[in-house]
Every structure is written in structure tokens, then in C-alpha cells.
Amino acid sequence: MSVATGSRLVFLAGQVARDREGRPVGTGDFAAQVEQAYLNIGNALTEIGGSFDDVAKLTIYVVDWSPEKFPQLGEGVARAAAKLGVDPLKPITLLSVAALGEPDLLVEVEATAVLD
């Protein structure tokens with residue numbers, strides 16, 4: 001559960017493994033793609049005066065999810081959290097999907113944040 005206070009709701013559409021110039025990151029590497037998606041959320045929130053700490057909920061879409069992917073998911077989240085300097089634990093809905101918008105994408109993460 002997450003209890004958020006603030007006056008501005010921010011809805012970030014799915015973030016994927018692309019750098020600021022739109023180049024692919026971590027092709028074929030699930031952990032690297034998770035890390036980049038989380039970093040993109042942190043960067044987007046920083047640009048509007050917030051941070052990843054303002055995230056109230058995440059939805060993670062994973063291509064062909066299986067429990068064997070848990071370690072890589074955790075690894076990517078931990079690496080992003082270390083770079084962002086935040087506690088990455090948030091309420092999460094994880095959904096398995098057949099495919100995402102581009103064939104090289106393995107994960108997409110959307111976020112809802114609350115800012116003051």
C-alpha cells in the first residue's frame with residue numbers, strides 16, 4: 001500500500017529501455033532494460049521538480065513473464081535505485097504481455113506519482 005499526499009498527480013506513460021537520444025539500451029538484457037526504464041522515470045520526474053521518491057505506484061509490463069525472471073527484475077531495480085539514490089520499493093502491478101511496441105523491448109514501466 002502507498003499513501004501519497006500532494007496536490008499534483010503525475011502519470012508517466014510506459015518508460016522503456018531507450019536513452020535520452022532514443023537509442024536502445026540493454027538489447028536482450030532484461031535487467032539492463034528494467035534499470036533503464038526506472039532511470040527514465042527518475043529523470044522524467046526530476047525534470048518537473050520531483051523525484052523517484054514521489055512515485056506512488058508502478059505498473060510493469062514484461063514480455064513472456066515467468067518467475068525465473070525475478071532475479072533479473074530485482075537486479076535491474078537495485079542498480080537503478082543505487083544510481084538514483086532512492087528506495088525503489090513501491091506498490092507494483094506486474095503484467096505479462098505477449099509483446100510490446102517494438103520487438104527489442106522486454107519491459108515497459110509506467111508510474112503514477114504525487115508531487116506537492
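Throughout, residue positions are numbered sequentially from 1 according to the sequence presented.
Nearest heavy atoms, Ala17 versus Leu105: N-CD2, 4.1 Å. When all heavy atoms of Pro88 and Val77 are compared, the pair lying nearest together is CB-CG1, 3.4 Å. Contact between Ser51 and Leu45 at its shortest, heavy atoms only, is O-CD1, 3.3 Å. Of all heavy-atom pairs between Leu12 and Glu110, the closest is O-CB, 3.3 Å. Nearest heavy-atom pair, Leu115 versus Gly49, reported as atom, atom and distance to 0.1 Å: CD2-C, 4.1 Å.
Criterion: ILVMFWY side-chain heavy atoms under 4.5 Å apart, direct or through other members. Under it, Ile48 and Val114 are not part of a common hydrophobic cluster. Val10 is connected to Val86 through a chain of hydrophobic side-chain contacts under 4.5 Å among Ile, Leu, Val, Met, Phe, Trp and Tyr, so both are in one cluster. Note on Val109: it does not cluster hydrophobically with Val16, by side-chain heavy-atom contacts below 4.5 Å among ILVMFWY residues. Under a hydrophobic clustering in which Ile, Leu, Val, Met, Phe, Trp and Tyr are joined whenever their side-chain heavy atoms come within less than 4.5 Å, directly or via other members, Leu9 and Val55 fall into different clusters.
Of the inter-residue distances, the one linking Lys90 atom NZ with Thr59 atom OG1 reads 14.0 Å to the nearest 0.5 angstrom. We find the CG-CG distance between Asp19 and Leu39 to be 11.5 Å, quoted to the nearest 0.5 Å. A distance of 10.0 Å separates CG in Leu94 from NZ in Lys69, rounded to the nearest 0.5 Å. Within the model, atoms CG of Asp54 and CZ of Arg8 stand 9.0 Å from one another, a figure rounded to the nearest 0.5 Å. Atoms CZ and CD, on Phe30 and Glu75 in that order, are 10.5 Å from each other to the nearest 0.5 Å. Remark: Leu84 CG to Ile41 CD1 distance equals 9.5 Å, nearest 0.5 Å.
Between the side chains of Gln36 and Asn40, at least one donor N or O lies within less than 3.5 Å of an accepting N or O.
Within the structure, ring-ring contact (aromatic ring centres under 6.0 Å, His included) pairs that include any residue of residues 38-59 comprise Tyr38-Phe52 (at least two apart or interchain).
Although no hydrogens or angles enter the test, the distance criterion places a donor-acceptor pair under 3.5 Å between the side chain of Gln33 and the main chain of Gly26.
When Val97, Leu73, Leu95 are each tested for a side-chain contact (heavy atoms from CB on, under 4.5 Å) with Trp65, only one passes: Leu73.
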